[in-house]
Amino acid sequence: MIEKRTADVIIIGGGIMGCSTAYRLAKLGLDVIVLEKKEIGNGGSCRNAGGVRQSARDPKELQLAMYAVANIWPTLSEELGVNVEYHQKGNIRLGLTEKDVKILENHTAKSTKVGLDVKMISGDEAREICPYMSDEIIAASWCPTDGHANPLKTTLGFYKRALDLGVTFISGVEVLGIKKIKGEARIVETDDGDYEGGQILLCAGYDSRRIANTVGIDAPVERQVNEVLVTEAMPHMFDIMLGVAGGEFYGHQSEHGSFVLGGNSGLQAFTSNTDHFMTNSLTAPCISRGIMKYFPCLKNVKVVRTWAGYYDQCIDVLPIIDNIKEVPGLTVAFGFSGHGFGISPAVSIALSELMTTGKSTTIDISQLGYDRFKSKG
């Protein structure tokens, strides 16, 4: 059997962005190859706490979140033929101090200006929504249309549907760089030889910067580490998504009954310098102490496992989603800064339009372009 080496589109990265966009492009009749260094969904796509959040987003990317919540997430399980465990029961972001309240008020004011249904509530009102939380909470923001889903099931759901539509997935292949032919991005160089496409989509998380550098493109994106802990199964307590003003922890209770809670110790930059997904002995205790301050009722719940993952943090904490003018044929989608999962179904629509018509017409992504990093002088 001759190995497939050419396609209309070569996608670099087999996370949720790559899988969902491959699915959209295949639906439009394009032949697609997806190249993945490890296993499908092995990176940040399946190593997050599953937030499908509109609240506390920068208005520049909020349109993606609002479109996904209004038009895609409610029926995504039916579309993919997989239960993605989507629950739209709201997101509550908690504050313990006046500084926290100011942060929450700032997020809320920016979001309401662009039409999001989110509001500030008192600590007592927060406890009416979720009676399990601490009496120390003095205020919160509340977005009733937010929710959460299962990252693994969602990513693999897009993967399965893309396979059904004829997309070729090749895993265990490391991309070394991109080459141009007559000024256009056409060749993806790998440790397994070259692949050629009419267009190339680069959505490989924190590896994207290195790969983009091979054709003279650079963006201020760095690698960050985050960890998630999972508890033993508990009786059902709530379906809402949780967050806090300062971002110390976030998460939800799963359908299984376990709590899936993410966060960090603030020391990851000093304690993790490896390409392996290694947890840190400091992080789970730090997350746990933070959780108990907000939810003291969970103090005796057992943590049964933890996992770590890297995400691609952009300097302005916004993704780069664009056709690169300097390198025709190259489209990029990276720098999602730890909150790409919830917007991924909408990003895939924007990318499919960028790559087939040259412009995203369904969702405005004009403020997420690569040009924003260029000198204005």
Side-chain angles (χ1 to χ4, degrees), residues 15-16 19-20 39-53 68-69 72-94 129-133 143-161 226-244 248-264 277 279 283-292 294-309 311 338-342 344-345:
I16 195 164
C19 291
S20 60
E39 298 85 21
I40 299 302
N42 181 268
S45 297
C46 294
R47 294 176 183 274
N48 63 82
V52 179
R53 168 177 62 82
V69 166
I72 307 175
W73 279 108
T75 57
L76 191 58
S77 291
E78 290 78 7
E79 182 177 359
L80 300 182
V82 171
N83 176 17
V84 301
E85 298 181 9
Y86 176 57
H87 293 272
Q88 190 181 25
K89 298 295 185 180
N91 185 344
I92 195 163
R93 298 180 72 83
L94 307 171
I129 294 170
C130 182
Y132 300 95
M133 62 183 59
C143 181
T145 55
D146 279 351
H148 55 83
N150 185 311
L152 178 63
K153 288 189 173 183
T154 306
T155 301
L156 296 184
F158 277 117
Y159 165 65
K160 178 179 180 296
R161 290 294 291 121
N226 219 46
E227 295 190 31
V228 175
L229 59 84
V230 180
T231 74
E232 62 184 324
M234 297 292 292
H236 178 265
M237 294 171 67
F238 49 79
D239 292 315
I240 58 174
M241 186 71 185
L242 299 169
V244 297
E248 301 95 312
F249 87 91
Y250 48 85
H252 66 275
Q253 187 174 21
S254 70
E255 288 189 358
H256 169 258
S258 59
F259 289 91
V260 181
L261 300 160
N264 61 67
F277 297 123
T279 56
T283 304
C286 285
I287 297 174
S288 296
R289 280 194 293 271
I291 292 166
M292 286 188 290
Y294 294 90
F295 288 88
C297 62
L298 298 181
K299 66 180 180 180
N300 294 322
V301 177
K302 294 182 177 65
V303 174
V304 296
R305 61 190 175 98
T306 65
W307 72 77
Y311 61 89
H339 41 81
F341 171 70
S344 58

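- Less than 6.0 angstrom separates the ring centroid of Phe295 from the ring centroid of Phe238.
- The CG atom of Asn83 sits 5.0 Å away from the NZ atom of Lys153 when rounded to the nearest 0.5 Å.
- Using a 4.5 Å cut-off on side-chain heavy atoms (C-beta onward), Asp146 and Met241 make no contact.
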Report the C-alpha distance between Ile240 and Asn91 in whole Å, list the side-chain angles of each, state the deciding distance to 0.1 Å, and finish with yes or no for side chain to side chain contact (heavy atoms under 4.5 Å, CB included).
CA-CA 6 Å; Ile240 58 174; Asn91 185 344; over 6 Å; no

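- Looking at Asn226 and Tyr311, their side chains come closer than 4.5 Å, going by heavy atoms from C-beta outward.
- Considering only heavy atoms from C-beta on, Val82 stays 4.5 Å or farther from Leu156 through its side chain.
- A donor-acceptor distance shorter than 3.5 angstrom exists from the side chain of Arg47 to the backbone of Ala308, with no hydrogens or angles considered.
- No donor-acceptor pair closer than 3.5 Å links the side chain of Gln253 to the backbone N or O of Ser258.
- Under a 3.5 Å cut-off, the side chain of Ser45 and the backbone N or O of Ile16 do form a donor-acceptor pair.
- Distance check, rounded to the nearest 0.5 Å: CG of Leu242 to OH of Tyr250 gives 12.5 Å.
- Under the 4.5 Å side-chain criterion, counting only non-hydrogen atoms from C-beta, Cys143 is in contact with Thr145.
- Heavy atoms only, all atoms of each residue included: Gly342 and Trp73 are closest at O-NE1, 2.9 Å.
- Looking at every heavy atom in both residues, Gly251 comes nearest to Ala49 through CA-CB, 4.3 Å.
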From CA spacing to verdict: side chain to side chain contact (heavy atoms under 4.5 Å, CB included), Lys160, Leu80:
CA-CA 8 Å; Lys160 178 179 180 296; Leu80 300 182; over 6 Å; no

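- Ile40 places none of its side-chain heavy atoms less than 4.5 Å from the side chain of Phe158.
- A distance of 7.5 Å separates OG1 in Thr306 from CG in Leu229, rounded to the nearest 0.5 Å.
- Closest heavy-atom contact between Phe341 and Pro151: CE1-CA, 3.5 Å.
- To the nearest 0.5 Å, atom OG1 of residue Thr231 and atom NE2 of residue His256 are 9.0 Å apart.
- In terms of modelled atom types and a separation under 3.5 Å, the side chain of Ser20 and the main chain of Pro345 share no donor-acceptor contact.
- Here the side chains of Val244 and Phe249 are in contact, with some heavy-atom distance below 4.5 Å.
- Looking at Thr154, Asn150, Leu152 one by one, the single match for side-chain contact (heavy atoms from CB on, under 4.5 Å) with Glu85 turns out to be Asn150.
- Side-chain contact between Met237 and Leu298 is present, with heavy atoms from C-beta onward closer than 4.5 Å.
- The distance from the CD1 atom of Ile129 to the NZ atom of Lys89 is 13.0 Å, given to the nearest 0.5 Å.
- Side-chain contact between Leu261 and Ile291 is present, with at least one heavy-atom pair separated by less than 4.5 Å.
- Side chain to side chain, His148 and Gln88 fail the donor-acceptor criterion of an N or O pair below 3.5 Å.
- Atoms CG and CE, from Asn300 and Met234 in turn, are 9.0 Å apart once rounded to the nearest 0.5 Å.
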